[in-house]
Structure formats: C-alpha cells, structure tokens
Number of protein chains: 2
Amino acid sequence: MKKEEAKRIFRQYIKKQGLRNTRQREEILDVFLSSGGHITVDELFDKVKKRDSSIGYATIHRNLNLLLEAGLAEEIKIGKEKTRYEQMHMREHHDHLICLECGRFIEVVDENIEKLQNRLAEEKEFTPVRHKLEIYGYCKKCR
Amino acid sequence: MKKEEAKRIFRQYIKKQGLRNTRQREEILDVFLSSGGHITVDELFDKVKKRDSSIGYATIHRNLNLLLEAGLAEEIKIGKEKTRYEQMHMREHHDHLICLECGRFIEVVDENIEKLQNRLAEEKEFTPVRHKLEIYGYCKKCR
DNA sequence: GGTGTGTTGAAATTAATTATCAATATCTTA
DNA sequence: TAAGATATTGATAATTAATTTCAACACACC
C-alpha cells in the first residue's frame, strides 16, 4: 500500500534530520495521508482533533512544514482562497483545470505534455524534479 | 507602446466598475507597469513612495487587488517566499523553471506545450483562459 | 462650481503563521 | 532498562500580511 511507503519516507526524513518521532507526528501523518486530495490547515486540525483532542494548532503547522520539507506535501494557493496542502506521494501526479466561475477543480494528466516539459527543462540545462500546471478558464457548466 | 495599452485596459476596467481614477491609482499603475518582472508589495510600496511619499500602504494593496481583478497582474507565490505580482499584459506569456537550490527563475516558452494544453482543456470541455506552469528542479549551476 | 459618492491615509482589526517557554516525551547509550 | 541530553508539545504571545474602518478629501458628472 502506498500509504505505508509514504510513511516510511517521512520517518526516514525525520531520522535523517536528527528529529524524533512522536505520537502526534504519527497521528498527523496518518490523517494527512488518509485525507482526500487537497486539505486546508483547519480541516486537518479538525480531523486530527477528533482522534486526539489535546493536540495543538501549532503542532499541526510544525508538522505540515515537515511534510513539505520531506516532499510529501505541496502547498497550492488559488486566488484568494485558503492555502491547501496536496499529497505528493500517495496520489498519482496530475495537473489542474480550475474554473474561474465556480472554482471547480478538474484533475488531468497528459503524458505528452509531461514529456515536452522534461525536454524543455533539458534544453535549459535544468534538471526537473516536479512541476505544477494550472489551467484557468471555464468548465463545461460555466462556459 | 504596450504600456499605454495596459493603462487603457485598466482605466476601462475602473470605469466599467463605476470606480474613479485618482492620482495615486495612476501612480501605482505606472510604477507597476514600469517595474521588472515580478515585484513584491513592499518593493512596489517603496518605489511608489519615492514619487509620492504621502501614499499609504493600504492604497497599494487596494490597487494591486484591482490590477488582479482587471487581469493585469497575477500573484505568484513560491515556497515560503513573499508573494510576488507579475505583469500579465506588458510582458509576453512565459512559464517558469524554478531552482530548488538557489531560487533562480528561468523564464521559458514552448509553443508545443501551449498547444497541447489547449487541446487537453478542449478534451475536458473546458475553455482555457490562461495558465501557470512552474517546473521545479535544479539549474545549471546547482545540479 | 456644486454635490454625491468613491478614495485615501492612518490606525485598528482580522487572519495566518511562527516563536517562546516550561513541562514532557523520545531516543541513544551505557 | 534507567538515565541523560535534547527534541517536541501545547498554550500563548508575537509576528506578519492583508483587510477594514472612518473621517477628511477629491474625483466625475451635472
């Protein structure tokens, strides 16, 4: 299961940095990996609090930052909406079509675009690690 | 000159919304359009202040929001860095290669990628308006 | 030029994130 | 497995960024 792999990566990162694993850290990690696609800090806080009501807000932030550093999460911020955190390892990579009218996300992948991106990077003597593509416009319903 | 066109678009937008043009608004517009690629709120504030030292910070924010609404500016936020505002009309569209090590931006364009993006959107019955592509990795110097 | 109302600057407020600190928990080593 | 060094936690304070408030002002339409 992919979740276990993600957990292993996180625990490895923690250890490598000379940090320690804790009950709270594991709880947050598990909830994050069990959440859907894109979660806000508040949503994560609420979900974790249901399992462990003593957990603090600052701890959520601290550990989200670790997840970012470990490459397991990525911040996505769209317009004036709240920052969301997206899983990077659990889910397949995908790009976003974002409707300017209703705010709906459509997740897409196109192998050819991915290839061209890599080629483009290579031309500039750049080693690509990951990317983010957001196409803004109007969805089926709103156009 | 492109700058004049951008100004016209902004003035039109202002009028259409039933808003008014002001000395400060024009000043901010001009400084924004004269700035390089990506400017932070503070940088813009400092530059405007040199021309008109009485201008307030809130006015910068208010008018940046108008520039966003009018489609002349776009927010770009990378990692933990300060939000930057990019010109949308003055400059040709381009994507970004962003170095994870030194933070350098490389601006790129690839016609083929642009075309594939439009085709992808069309397949999903989505009408694309604009897009943002950021490729993260390591630049020539850092890889 | 007068007038209605949008805009401004300054300060207060809100929202989001980070820092502080004493108490506690973890991990290593002996 | 007990001890000790130190990272982590929760609560709160502090910081940062962006927005709101409000009285004075200024723009645009007449």
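Values below: all heavy atoms of this structure, side chains included; hydrogens, waters and symmetry mates excluded. In what follows, chains are A, B, ... by sequence order, proteins preceding strands, each numbered from 1.
Taking atom CD on B:Glu26 and atom C1' on D:dA28, their separation rounds to 14 Å, with Å as the unit. Atom C1' of nucleotide D:dT9 and atom NZ of A:Lys49 are separated by 13 Å, given to the nearest angstrom. Between B:Arg84 atom CZ and D:dA17 atom C1' there is a gap of 15 Å when expressed in whole angstrom units. As a whole-Å value, the separation of B:Glu81 CD from D:dA17 P is 13 Å. In this entry the distance linking CZ of B:Phe45 with C1' of C:dT8 reads 13 Å, nearest Å. Rounding to whole angstrom units, NZ of residue A:Lys77 and C1' of C:dA15 are separated by 11 Å. A:Ile60 has its CD1 atom 15 Å from the P atom of D:dT8, to the nearest Å.
For A:Lys77, the NZ atom is densely surrounded, since the number of other residues' heavy atoms within 6.0 Å is greater than 12. Within a 6.0 Å radius of CD in A:Glu123, more than 12 heavy atoms belonging to other residues, nucleotides or ligands are found. Counting heavy atoms of neighbouring residues, nucleotides and ligands inside a 6.0 Å radius, atom CZ of B:Arg130 exceeds 12 of them. With a 6.0 Å radius and a threshold of 12 heavy atoms from other residues, nucleotides or ligands, B:Lys140 has its NZ atom at or below the threshold.
Using a 4.0 Å heavy-atom distance criterion, B:Asp52 is classed as making no nucleic acid contact.
Side-chain contact between B:Arg62 and B:Gln24 is absent, with no heavy atoms from C-beta onward closer than 4.5 Å.
No donor-acceptor pair under 3.5 Å is formed between the side chain of B:Glu114 and the backbone N or O of B:Val109. Side chain of A:Gln87 to main chain of A:Ser35: a donor-acceptor pair is present (N/O by atom type, distance under 3.5 Å, no hydrogens or angles).
Between B:His38 and B:Phe105, the ring planes are tilted. Angles from 30° to 60° get that label.
Nearest-nucleotide mapping onto DNA chain C: of B:Ile55 and B:Gly18, the residue sitting toward the 5' end is B:Gly18.
Salt-bridge check for A:Lys80 with B:Glu75: passed, with a basic side-chain N closer than 4.0 Å to an acidic carboxylate O.
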Nucleotides 16-22 of chain C: which of its N/O atoms have a protein N/O under 3.5 Å away?
unit_1: C:dT18; atom_1: OP2; unit_2: A:Asn65; atom_2: ND2; d: 3.0

Readout for nucleotides 25-30 of chain C: B = base within 4.0 Å of protein heavy atom, S = sugar-phosphate only, - = neither; 5' to 3' it is BBSS--
